[in-house]
Structure formats: structure tokens, C-alpha cells
Amino acid sequence: MILESLLAYAHISAILLVVVFLTSKTALMRPDLLEGRTTVPQRLWQLDLWLWGSFVAVLATGLARMVWGVKGFGWYAGNPLLWSKVALFGLMVLMSVPSSLALQRWRRMPPQAGAIRAQRRWLMWQAHVMVVIPLLGTLLAYGI
């Protein structure tokens with residue numbers, strides 16, 4: 001049982017990392033903070049790298065729970081709630097691509113206010129997708 005608890009702890013911690021870095025990026029993605037400043041785009045770039053790392057951590061810890069967890073791979077693999085969770089997580093990851101590409105461009109050329117607002121809106125949509133994933137995880141863990 002201790003292994004199951006540690007796997008759950010690791011997975012939840014990785015999910016919280018995603019929350020922290022996505023929230024931090026969203027908070028800094030504002031025209032009044034970005035325009036005319038050189039340090040904020042660099043900080044956003046660093047947060048973006050950490051966000052991608054936390055995506056990897058969520059995936060790795062989720063796979064670890066499937067393989068070494070009490071319920072076993074077969075139970076998880078046959079559960080549509082898991083695949084719904086995976087699909088939403090995949091959507092979140094895909095939604096991060098435009099932001100990452102924009103941040104790469106902004107390292108060479110300062111962003112305009114409209115582009116900053118568009119990226120912030122995109123991050124907000126990503127956060128809205130993220131909110132559904134814990135509900136599916138709870139249903140998966142405790143049943144419907």
C-alpha cells in the first residue's frame with residue numbers, strides 16, 4: 001500500500017507543478033508587464049521550459065501508477081475515464097505549442113500588445129481544459 005500512496009503522491013505533485021507553471025505563465029503574460037521589458041520574456045521562456053518538464057513528469061508518474069499501482073495496467077487500460085483524461089491532457093500539451101513558439105519569437109523580437117493578449121487568452125483556455133482533468137481522475141480513482 002505504501003507504493004500506491006507514493007505513486008499517487010508523485011502523480012499529484014507533478015500535476016501541481018503543471019498548475020504552478022501554467023498559472024505563473026498566465027500571470028506574467030500581460031502587455032503592461034511585457035512591453036518594453038527584456039527580463040519578463042526570458043522569465044516566461046524559463047517557465048515554459050519548466051511547464052514542459054512538468055508535462056513529462058505527469059506522464060511518467062501516470063504511467064508508473066498504471067504499471068506498478070494496485071489496480072494494474074489492465075484495469076486502467078480498459079477504463080474509458082483514463083482515456084478521456086489522457087485525451088484532455090494531450091489537448092493541454094498541444095495547446096502549449098503556440099505559446100512556446102510565440103515565446104521563441106519574442107526572444108528575438110519584442111511582442112506587440114495584441115499578440116500578448118492572444119497568448120494569454122490561449123493560456124486561459126488551456127487552464128479551463130486543465131480543470132476537468134482532476135474530476136475525471138477522481139471518478140477514475142473512486143468510481144462513478
Side-chain angles (χ1 to χ4, degrees), residues 1-35 37-108 111 113-144:
M1 241 8 204
I2 190 75
L3 177 62
E4 181 69 18
S5 297
L6 292 174
L7 291 170
Y9 171 77
H11 193 55
I12 291 167
S13 296
I15 292 166
L16 289 174
L17 286 175
V18 170
V19 171
V20 165
F21 294 122
L22 183 61
T23 302
S24 298
K25 272 182 67 174
T26 305
L28 286 177
M29 190 72 71
R30 296 184 2 222
D32 59 322
L33 290 178
L34 272 166
E35 287 182 321
R37 295 197 175 121
T38 57
T39 57
V40 178
Q42 180 61 30
R43 174 63 54 100
L44 280 167
W45 175 253
Q46 291 168 346
L47 287 170
D48 191 58
L49 293 176
W50 280 103
L51 179 61
W52 282 99
S54 62
F55 284 150
V56 171
V58 168
L59 184 61
T61 56
L63 286 172
R65 286 191 80 183
M66 285 180 72
V67 173
W68 295 303
V70 172
K71 293 179 181 174
F73 187 84
W75 185 87
Y76 282 110
N79 195 315
L81 286 171
L82 171 78
W83 298 111
S84 299
K85 220 177 124 170
V86 168
L88 287 176
F89 182 72
L91 178 63
M92 273 187 68
V93 170
L94 287 174
M95 291 174 82
S96 287
V97 172
S99 176
S100 296
L101 294 175
L103 289 171
Q104 272 187 321
R105 285 191 307 272
W106 296 353
R107 291 177 78 192
R108 294 185 305 266
I116 297 166
R117 281 191 289 276
Q119 288 307 315
R120 182 177 170 86
R121 197 168 26 255
W122 198 242
L123 289 169
M124 292 298 288
W125 276 109
Q126 191 177 1
H128 285 80
V129 169
M130 180 178 59
V131 170
V132 180
I133 296 173
L135 171 62
L136 296 175
T138 304
L139 293 171
L140 184 66
Y142 299 108
I144 299 177

Heavy atoms only: give me the nearest Trp68-Leu3 pair and the separation to one decimal. O-CD2, 3.6 Å
Of all the heavy-atom pairs spanning Ile116 and Pro31, show the shortest one and how long it is. CG2-N, 3.5 Å
Donor-acceptor pair, side chain of Arg117 and main chain of Arg30, under 3.5 angstrom: no
Residue pair Val70 / Met1, side-chain heavy-atom distance below 4.5 Å: yes
Side-chain donor/acceptor of Thr23 to backbone N/O of Val20, under 3.5 Å: no
Heavy atoms of Ser100 and Trp52 approach each other most closely as OG-NE1, 2.7 Å
Heavy atoms only: give me the nearest Ser99-Lys25 pair and the separation to one decimal. OG-NZ, 2.8 Å
Heavy-atom closest pair, residues Met95 and Trp122: O-NE1, 2.6 Å
Met29 pairs by side chain to side chain contact (heavy atoms under 4.5 Å, CB included) with which of Leu44, Leu47, Val40? Leu44
Shortest non-hydrogen contact from Lys71 toward Ala141: NZ-O, 3.0 Å
To the nearest 0.5 angstrom, please state how far the CG atom of Leu28 sits from the CZ atom of Arg43. 7.5 Å
What distance separates Gln119 CD from Arg121 CZ, expressed to the nearest 0.5 Å? 9.5 Å
Quick check against the 3.5 Å criterion: does Ser54 have a side-chain atom that pairs as donor or acceptor with the backbone of Leu51? yes
Atom pair CG (Leu101) and CG (Asp48), whose distance is rounded to the nearest 0.5 Å: 9.0 Å
Under 3.5 Å, is there a donor-acceptor pair between the side chain of Trp106 and the main chain of Gln42? no
Parallel, tilted or perpendicular for His128 and Trp125, by the 30°/60° rule? tilted
Taking side chain to side chain donor-acceptor pair (under 3.5 Å) as the test, write out the residues that go with Glu4, two or more places apart. Arg65
Spacing of Thr26 atom OG1 and Leu123 atom CG [to the nearest 0.5 Å]: 4.0 Å
Is the number of heavy atoms from other residues, nucleotides or ligands within 6.0 Å of CH2 (Trp50) greater than 12? no
Rounded at 0.5 Å granularity, tell me how far CG in Leu94 sits from CD in Gln126. 10.0 Å
Rounding to 0.5 Å, atoms CG (Leu82) and CH2 (Trp75) come to a distance of 8.5 Å
